[in-house]
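These numbers come from a predicted model, not from an experiment. Naming: A, B, ... by sequence-line order, numbering from 1 per chain.
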Amino acid sequence: MGVKFGPLFREKGVTGQIVENLTILEGKIIAIDALVTLYEMLSIIRDRQGKPLRDSRGRITSHLVGLFNRTCRMLALGIKPVYVFDGPPHPLKLRTIQERHIRREEAEQKYIEALARGDFEEAKKYAKQAARVEDYMVSTAKTLLEYLGVPIIQAPHDGEAQAAFIVRKGDAYSVSSPDYDSFLYGSPRVIRGLRITKGGGRRGEEEIKEYTLDEVLTKLELTYEQLIDLAILIGTDFNPEGFPGIGPKRAYEYIKKYGNLERIVKLGLVRWRYPFEVDEIRAIFLNPPVTTNYKIEFKEPQREKIIEFLVEEHDFNPERVSNELEPVFKRLEREEKAGRQASLFDFFR
DNA sequence: CCTGATGA
DNA sequence: TCATCAGGG
């Protein structure tokens, strides 16, 4: 997933800004692709054999553990996450999805084999690749977020597009995503590698970095439209094959030299081999289906509901739950107090 | 992923 | 204070 912009961005000096301290994001609304987050949690939060965590009734809870910890930590820091859920995929994305299915099944097979011969290291590796976000995981995640008072936005199609739209409108500060694809949807800002633990770049850890579309376009000396054409040349989720012999480097060279995709095709530098027009795939990025029907409203977490849901229903350790939850309430109290003081100040002004 | 314990 | 590591459900 994600257009292979990495090498090109490095070469052109698109460095982004290191987020040294998460307090920089205090009070800011961050639009998060929910499905990507759940997938991440599900594939990483595993026991030693690579099996996901489950409750006593056998239902997977890895995604809830991760989502709960991270979301609480963000709220406690005053960072405001809104989770954007995908709708049904665009038809052009189906091939990418099928491809992922195949990869997943291969990984599943290797996982079973590794487990059978007791190679837990290998098993864990393949278990990650075989991870699949199922419907019940999405719905349990939504329930948890609802109890936490965190807004959920349902995208008509691509969550990434909806998240970008929200930032473009100024309703959120940034998209948080592992890749740069939000830029293709016009998000002015993307934060990569957003985690709660320090991650100050030591021990080869990925840093938390804030990138702007401005920087990307300036350093690459491209227009936004050209960035989209560049992505299509390299290969996107909607044309994952890209073009034979064309990688990020040559794609960039062509766009710089000839300006747009039509010219490059016309000159015979690449053969257009898709059953759709250039403009059709471009439109997915330039004009994606998004909804304006959302509201970003943070409510007070429902302590009892959360405990009932996590502890009673899914066997979470109550101590751990309150260790995460109480700092959120502490924060809320402080905010309320500050708010009262501000209005008092207004009154006497 | 993230925490908390442990030991330097 | 920091690095390492097990364990989470």
Side-chain angles (χ1 to χ4, degrees), chain A residues 1-2 19-23 25 30 32-79 81 83 107 115 120-121 123-134 136-145 147-148 150 175-179 191-209 301 305-331:
Chain A
M1 196 179 41
V19 178
E20 297 279 4
N21 194 327
L22 284 171
T23 55
L25 299 177
I30 309 292
I32 302 173
D33 187 324
L35 211 67
V36 168
T37 306
L38 296 186
Y39 177 78
E40 219 171 73
M41 303 299 188
L42 180 63
S43 62
I44 287 162
I45 302 175
R46 305 233 158 201
D47 69 15
R48 204 171 328 223
Q49 298 173 42
K51 296 203 186 108
L53 274 33
R54 293 174 190 272
D55 63 22
S56 56
R57 288 165 63 187
R59 297 167 299 191
I60 291 178
T61 51
S62 291
H63 61 300
L64 295 178
V65 172
L67 189 67
F68 179 64
N69 287 339
R70 188 181 285 180
T71 306
C72 285
R73 275 354 251 338
M74 285 175 112
L75 292 173
L77 286 162
I79 303 170
Y83 286 91
L115 209 57
F120 292 149
E121 198 77 7
K124 201 164 181 175
K125 186 175 100 190
Y126 289 120
K128 276 185 194 180
Q129 295 173 16
R132 201 184 110 86
V133 178
E134 301 195 47
Y136 79 91
M137 302 178 196
V138 173
S139 69
T140 47
K142 282 181 177 171
T143 302
L144 176 60
L145 291 172
Y147 292 160
L148 280 167
V150 164
V175 167
S176 160
S177 171
D179 58 51
I191 296 173
R192 296 181 71 221
L194 182 59
R195 287 142 310 160
I196 285 322
T197 31
K198 279 284 185 290
R202 56 172 196 282
R203 234 190 329 141
E205 264 180 18
E206 196 72 17
E207 287 156 325
I208 302 172
K209 280 189 159 187
K305 292 270 194 193
I306 293 167
I307 292 170
E308 189 191 324
F309 182 67
L310 292 181
V311 179
E312 310 292 318
E313 190 147 338
H314 292 293
D315 305 313
F316 276 52
N317 180 330
E319 203 177 326
R320 278 180 185 249
V321 170
S322 67
N323 278 350
E324 290 301 329
L325 212 45
E326 293 318 312
V328 177
F329 283 106
K330 285 261 169 56
R331 169 89 205 183

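The distance from atom CD1 of Ile208(A) to atom P of dC1(B) is 10 Å, rounded to the nearest whole Å. Atom pair Leu144(A):CG and dC1(B):C1' shows a separation of 15 Å (rounding to whole Å applied). Atom pair Leu53(A):CG and dA6(C):P shows a separation of 16 Å (rounding to whole Å applied). Between the CG atom of Leu42(A) and the C1' atom of dG9(C) there is a distance of 13 Å, rounded to whole Å. Taking atom CG of residue Leu67(A) and atom P of nucleotide dG9(C), one finds them 15 Å apart after rounding to whole Å. As rounded to whole Å, 14 Å separates atom C1' of dG8(C) from atom CZ of Arg46(A). The separation between Ile45(A) atom CD1 and dC5(C) atom C1' is 17 Å, rounded to whole Å. At whole-Å resolution of the value, CD1 in Ile60(A) and C1' in dG8(C) are 15 Å apart.
Note on Glu40(A): nothing from the nucleic acid sits closer than 4.0 angstrom, heavy atoms only. At a threshold of 4.0 angstrom between heavy atoms, the contacts of Arg54(A) include nucleobase atoms, whether or not backbone atoms are also involved. The residue Arg57(A) sits apart from the nucleic acid: no heavy atom pair falls under 4.0 Å.
With rounding to the nearest 0.5 angstrom, the CZ atom of Arg320(A) is 8.0 Å from the CG atom of Asn69(A).
Inspection of the Asp33(A) and Ser177(A) side chains reveals no N or O donor paired with an N or O acceptor under 3.5 Å.
The backbone N or O of Pro52(A) sits nowhere less than 3.5 Å from a side-chain atom of Ser62(A) that would complete a donor-acceptor pair.
Across Leu22(A) and Ile79(A), no two heavy atoms sit closer than the pair O-CD1, 3.9 Å. Residue Cys72(A) comes nearest to Leu325(A) through the heavy atom pair SG-CD1, 4.1 Å, listed as atom of the first residue, atom of the second, then distance.
Contact check for Tyr126(A) versus Leu115(A): no side-chain heavy atoms found under the 4.5 Å cut-off. Looking at heavy atoms from C-beta onward, Arg70(A) lies in side-chain contact with Glu40(A) at the 4.5 angstrom threshold. Using a 4.5 Å heavy-atom threshold, the side chains of Thr140(A) and His63(A) count as touching. A heavy-atom distance below 4.5 Å is found between the side chains of Thr71(A) and Tyr83(A).
Comparing dG9(C), dT3(B), dC1(B) by their closest approach to the side chain of Ile196(A) singles out dT3(B). Distances were taken from every side-chain heavy atom of Arg73(A) (C-beta onward) to each of dC2(B), dG9(C), dG7(C); the shortest belongs to dC2(B). You'll find that the side chain of Val65(A) is closest to dG9(C), out of dG7(C), dC1(B), dG9(C).
For dC2(B), the OP1/OP2 oxygens have a side-chain nitrogen or oxygen of Arg70(A) closer than 4.0 Å.
Applying the salt bridge (Lys or Arg N to Asp or Glu O under 4.0 Å) test to every pair with at least one member in residues 42-57 of chain A, sequence neighbours left out, gives these pairs: Asp55(A)-Arg59(A).
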Check: protein-nucleotides 5-8 of chain B nitrogen or oxygen pairs below 3.5 Å:
none

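Listed by residue number, the members of residues 309-323 of chain A with any heavy atom below 4.0 angstrom from DNA chain C are His314(A), Asp315(A), Phe316(A), Asn317(A), Arg320(A).
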